[in-house]
2 protein chains.
Amino acid sequence: MAEKSEEKVISKAVIRRLPRYYRYLGELMESGVERISSNELSIRMKVTASQIRQDLNNFGGFGQQGYGYNVKYLYQEIARILGIDRQHTLIIIGAGNLGQAIANYANFERRGFIIKAMFDVDPRLIGKDFRGIPVLSMECLDSFIKENDIQMAALTIPKSQAMLVADNLVASGIKAIWNFAHTDLNLPPEVVVENVHLSESLMRLSYKLCYQMDHPGRPKPGKQGGMTNWD
Amino acid sequence: MAEKSEEKVISKAVIRRLPRYYRYLGELMESGVERISSNELSIRMKVTASQIRQDLNNFGGFGQQGYGYNVKYLYQEIARILGIDRQHTLIIIGAGNLGQAIANYANFERRGFIIKAMFDVDPRLIGKDFRGIPVLSMECLDSFIKENDIQMAALTIPKSQAMLVADNLVASGIKAIWNFAHTDLNLPPEVVVENVHLSESLMRLSYKLCYQMDHPGRPKPGKQGGMTNWD
DNA sequence: TAGATTGTTAATCGATTAACAATC
DNA sequence: TAGATTGTTAATCGATTAACAATC
């Protein structure tokens with residue numbers, strides 16, 4: 001029953017690393033570096049050269065034997081793989097501090113994420129705007145999504161309302177949710193979700209700190225042998 | 001040369017899951033559930049029962065054969081493991097929207113993270129306060145950390161200044177950094193860092209969306225066979 | 001006791017690293 | 001060409017899952 005043109009399934013671990021490659025390549029570009037070998041990049045990024053080559057070869061042969069990788073070309077290719085070579089339309093649900101922080105971070109727009117509007121239930125916020133992005137009433141949500149062909153929504157609201165609002169978003173046609181609410185969203189499989197659970201992140205920091213205090217000088221857990229990154 | 005009382009090194013993957021167990025147990029407690037089996041929890045959390053038992057047994061036998069786990073006891077034990085049974089002192093560097101969002105999120109305090117102050121270079125922010133947390137000048141940073149025995153710092157400043165400020169924090173005695181700057185911090189091994197790279201998170205969402213659009217109905221990458229979570 | 005469910009060992013699966021032939 | 005470095009296969013390592021004896 002195996003499909004004919006079976007495409008390789010890319011592992012989650014690889015996807016997690018891709019944006020970091022992209023960031024380093026962007027910095028290399030900015031400093032005028034034209035080519036880089038997997039070995040040199042591996043030193044800068046503190047990963048193995050093997051891993052870099054394996055990761056990239058999931059998507060194609062972007063390098064050249066004896067030369068390495070062309071920084072600009074690889075940068076563009078990773079952008080294409082990540083889908084940030086095209087534009088994405090985005091709305092923010094919840095115009096509190098976190099929603100405002102996202103709205104105010106202009107760099108997202110430079111990467112093709114166009115924030116079209118914010119939504120809130122607070123009448124004191126509705127009608128305001130941030131960098132020209134208007135805060136609208138939640139009552140306009142459904143029609144706005146449909147009329148403006150919105151793909152993505154950042155969910156920066158309390159967890160008590162998150163699941164309900166997420167269902168509404170999906171019903172209106174949203175296909176991707178960037179979830180900052182402190183809860184898991186159970187949604188249909190065709191809807192993709194990326195969670196940013198800040199409280200969990202802070203707990204992990206707490207664990208690391210306590211572990212470090214209890215085991216000074218020890219290799220940190222997660223990898224053997226030494227001062228490896230945790231993430 | 002192996003040490004005598006070799007403690008098992010806990011893998012990164014286990015640590016990543018612990019806060020999620022904690023969250024689910026907290027919710028179970030709130031709904032008045034007293035005991036739960038690994039199997040029932042596995043269904044709710046969409047992980048395997050085996051994984052839950054393996055994860056927990058890294059830290060000790062918290063369950064009872066034929067009974068399962070006492071929800072409240074397990075909740076407390078995980079809090080202890082994560083180090084959130086004690087108090088942590090925290091400052092926020094950068095009083096912009098993101099810093100304010102953290103300062104305004106009262107739940108961190110309920111988990112023992114006491115935010116003592118915020119710091120910024122912007123004179124319009126210095127002197128303000130959020131929920132009673134004052135915004136101080138960066139010039140006070142060193143003395144404040146030393147005089148108030150601050151352990152942790154959230155870094156919500158532009159990446160251009162992040163590395164310099166991080167070095168200063170470490171010099172002043174900070175042992176843990178919650179890094180929101182869009183850059184990696186290279187710090188001494190005794191300093192622990194937890195990164196929250198929002199732009200990378202958004203790129204992963206973009207990848208998932210594009211992948212989903214290209215392969216409708218397919219299992220998502222990362223796991224074989226079906227509608228598993230990405231994270 | 002019988003049933004349930006853990007703790008733990010063994011088996012499987014996947015991801016990382018090492019090695020090297022291919023090739024620029 | 002000789003040297004460098006990739007792409008890719010094989011070996012290793014680690015994490016997850018399955019199985020089941022222990023035991024409440």
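All values below come from the heavy atoms of this structure, side chains included, with hydrogens, waters and symmetry mates left out.
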[X] [atom1] to [N] [atom2]: how many Å, rounded?
X: Leu56(B); N: dT16(D); atom1: CG; atom2: P; result: 13 Å
X: Asn57(B); N: dT5(C); atom1: CG; atom2: P; result: 16 Å
X: Gln51(B); N: dC13(C); atom1: CD; atom2: P; result: 16 Å
X: Ile52(B); N: dA15(D); atom1: CD1; atom2: C1'; result: 16 Å
X: Asn58(B); N: dG14(D); atom1: CG; atom2: P; result: 14 Å
X: Phe62(A); N: dT8(D); atom1: CZ; atom2: P; result: 12 Å
X: Arg17(B); N: dT17(D); atom1: CZ; atom2: P; result: 8 Å
X: Asp55(B); N: dG7(C); atom1: CG; atom2: C1'; result: 13 Å

**N/O donor-acceptor pair under 3.5 Å between Thr183(B) side chain and Lys159(B) backbone** = no

**Prompt:** Under 3.5 Å, side chain of Asn195(A) to main-chain N/O of His197(A), donor-acceptor pair present?
**Reply:** no

**Message:** I need the full list of ring pair (Phe, Tyr, Trp, His ring centres under 6.0 Å) pairs touching residues 47-90 of chain B, with sequence neighbours left out, sorted by first then second residue.
**Reply:** Tyr22(B)-Tyr75(B), His88(B)-Phe113(B)

**Request:** State whether Arg20(B) and Asp184(A) are salt-bridged, where the test is any N-O pair (Lys NZ or Arg NE/NH1/NH2 against Asp/Glu carboxylate O) under 4.0 Å.
**Result:**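 Looking at Asp184(A) together with Arg20(B), the answer is yes, because their closest N to O distance falls below 4.0 Å.
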
**Asked** Less than 4.0 Å between a side-chain N and a carboxylate O, is that true for Glu190(B) and Lys175(B)?
**Response**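 No, this pair does not count.
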
**Complete:** Per-residue pairing states of DNA chain C in dot-bracket (Watson-Crick or G-U under 3.5 Å; . unpaired, | other strand) read ..||||||||||||||||||||||

**Sub-4.5 Å side-chain heavy-atom contact between Leu155(A) and Leu169(A)** = yes

**Prompt:** Mind checking whether Ile102(A) and Thr156(A) have side chains closer than 4.5 Å, heavy atoms only?
**Reply:** yes

**Message:** Please list all pairs meeting salt bridge (Lys or Arg N to Asp or Glu O under 4.0 Å) that have one or both residues in residues 28-43 of chain A, counting only residues at least two apart or in different chains.
**Reply:** Glu40(A)-Arg44(A)

**Message:** Treating primed atoms plus P, OP1 and OP2 as sugar-phosphate and everything else as base, which nucleotides of nucleotides 18-24 of chain D get B, S or - for protein heavy atoms under 4.0 Å?
**Reply:** BBB-BBB

**Members of residues 68-79 of chain B that approach DNA chain C, where some heavy atom sits under 4.0 Å away** =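 The answer is Gly68(B), Tyr69(B).
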
**Item:** Derivation and outcome, side-chain contact (heavy atoms from CB on, under 4.5 Å), residues Leu56(A) and Leu74(A)
**Value:** CA-CA 9 Å; Leu56(A) 297 177; Leu74(A) 187 55; 3.9 Å; yes

**Item:** Lys116(A) atom NZ, over 12 foreign heavy atoms within 6.0 Å
**Value:**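 For Lys116(A), atom NZ is not crowded (no more than 12 foreign heavy atoms under 6.0 Å).
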
**Message:** Using a strict heavy-atom distance below 4.0 Å, which residues from residues 26-44 of chain B are in contact with DNA chain D?
**Reply:** none

**Message:** For His215(A) and Tyr211(A), take the angle between the two ring planes, folded into 0 to 90°, and tell me which bin it lands in: parallel under 30, tilted 30 to 60, perpendicular over 60.
**Reply:**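 Geometry flag for Tyr211(A) against His215(A): tilted rings.
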
**Request:** Quick one: sort the Phe180(B) and Trp178(B) rings into parallel, tilted or perpendicular, breaks at 30° and 60°.
**Result:** perpendicular

**Request:** Please lay out, stage by stage, how Arg80(B) and Asp85(B) fare under the test salt bridge (Lys or Arg N to Asp or Glu O under 4.0 Å).
**Result:** CA-CA 5 Å; Arg80(B) 190 180 52 72; Asp85(B) 58 336; 5.7 Å; no

